[in-house]
Amino acid sequence: MTEIVAPSQQAAGTSAEAPTSWATEFRATFALAWPLVIAQVAQNAINTTDVIMTGWLGPEYLAASTLASTFIMPFLVGGIGLVGAVAPLTAQARGARDIKAVRRIVRQGFWVALLTALVLVPIILQIRTILGWLGQDPVLAMRAEEYTQIAAWLLFPGLGIIVLRSLLSTFDAARVVLLVTLGGVVVNFIGNYALMFGNFGMPRLELRGAAISTVITNIAMFLALLTYVLRHRRFKRFHLLIRFWKPDWPRFRQIFRLGLPIGLTVLAEVSLFTAAAMLMGRLGTDEVAAHAVALQCASLAFMVPMGIGMATTVRVGIAYGRRDRVGISHAGWTGLALGTAFMTLSCFAFLSFGPSIVSVFLDPTKPENLNALTLAATFLVIAGIFQLVDGVQVVAAHALRGLSDAKIPMIVAIVGYWLVGLPIAYLLGLVVGWRGIGIWIGLAAGLAFVAVVLLARFALRERIGLLRQIS
């Protein structure tokens, strides 16, 4: 049942609840997207800081840390996708001006985050045994276990951050997320410097210090966001923690129904790139190094359409909640236009300045780097070409999530990445003999398939019944 909102309660969301023109929608989407984009880049900077500072300890430590992070990542990404269902659901509740539903969705989002962490952490803690089954070096597995036994506990605050980020984004407070994430970069750097290397009178804990710093950073970010929503006048009215332990099983199941396919969709894409790295490993060291450089460049560019996609989920969800067909159209196509516009720029940069970009990662004055540099520049050309489809697929997927449409996009992702992209990568790379170029063409093909199908699904949303609930 929709709760009638008092005028004072409507003030925080007036702009989102008014009918939108194209210009208004563009301004609203852009205003919401840019802090999320920078926050995504800042989050990437936290991970980059960890890699750089672990490298200072030595190659063995870096290898163990990379092994541990690679092991944790699928669990973390899956959990993030699961609780990410809070974003479209709170946006729809805002559009319907149902404050009670917002409170219940966020509260059950915390429940889902806690349950997910409780299930996944015990599995992650078995890393040494699992890596042993996979034939990994016992010494590296032991060092990876040192890191993971502590870092696994980041799932509790980390998933809670996603729930709060969803709430804040829904109510146009993404700048708070940005500021807290930037603060997290600083906290993580100081924590690493103190605990990894024994500075500021702290013990030298090396990998365990890096893990402790990671957990502390996530706890600090979660507490900062939670304090903000509990104390700020715009969010105090939700009373998020009142009767926190009171279950709301319909909302709980709703988050799982939407979040599980979202998590599997993200996992399908992440695992495609993991599989591509494994294929590269069969070609040689230069191919692996070149692949890592090109992938890092593509990943950094991807942060922009990812942030735009998050904003698009919110804007489409709000319009869907208020049963505004025109608003849904404006929000979805505006997000797609912004994402495509940026990826056009990154495509141009990769195609025009590829050799200069890759030389930032590998010293061109060293003869032993020349082959890897040439390969990386070549891969970057293909990455430039698939920038457009990569931007389209991520924004289109987020637009559909705003309509609570996740099951079919999940199937499309699995088919596109694993039945189109990976087989083409294997065939062209290892069978036909195009090596790394063939593997990257396979990646592009998988992304293109998903982009075309999801874009068509959003364009045909009325014909295929995605809007039947607002008729």
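Owing to the predicted nature of the structure, the values given are computational and were not obtained by experimental measurement.
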Quick check: does any side chain N or O of Trp434 sit under 3.5 Å from a backbone N or O of Ile439, one acting as donor and the other as acceptor? no
Do Leu36 and Ser169 make a side-chain contact, defined as non-hydrogen atoms from C-beta onward lying under 4.5 Å apart? yes
Are any side-chain N or O atoms of Thr340 and backbone N or O atoms of Ala337, one a donor and one an acceptor, separated by less than 3.5 Å? no
So, Phe200 versus Tyr193, ring centres under 6.0 angstrom or not? yes
Quick check on side-chain hydrogen bond (donor to acceptor under 3.5 Å, both in side chains): which of Gln254, Gln92, Arg257 does Ser404 satisfy it with? Gln92
Is the backbone of Thr170 close enough, under 3.5 Å, to the side chain of Arg94 for a donor and an acceptor to pair up by distance? yes
Would you please say whether a donor-acceptor pair under 3.5 Å links the side chains of Gln43 and Thr181? no
Is it the case that the side chains of Trp440 and Thr378 hold a donor-acceptor pair, with the cut-off being a distance below 3.5 Å and no angle test? no
Would you say the side-chain atoms of Thr90 pair up with the backbone N or O of Ala87, donor to acceptor, closer than 3.5 Å? yes
Residues Glu206, Arg208: salt bridge by 4.0 Å N-O rule: no
Considering only heavy atoms from C-beta outward, does the side chain of Leu118 approach that of Phe156 to under 4.5 Å? yes
Is there a donor-acceptor contact under 3.5 Å from the side chain of Trp153 to the main chain of Val121? no
Residue of the set Ile105, Val83, Leu240 for which side chain to side chain contact (heavy atoms under 4.5 Å, CB included) holds with Val163: Val83
So Leu258 and Arg253, do their side chains get closer than 4.5 Å, heavy atoms only? no
Hey, are the side chains of Phe26 and Leu338 touching, using non-hydrogen atoms and a 4.5 Å cut-off? yes
Looking at Tyr61, is Arg143 sitting on its ring face, NZ or CZ under 6.0 Å from the six-membered ring centre and within 45 degrees of the normal? yes
For a 4.5 angstrom cut-off between non-hydrogen side-chain atoms, does Thr54 reach Tyr147? no
Taking atom types as modelled, is there a side-chain donor on Asn188 or Thr49 under 3.5 Å from an acceptor on the other? no
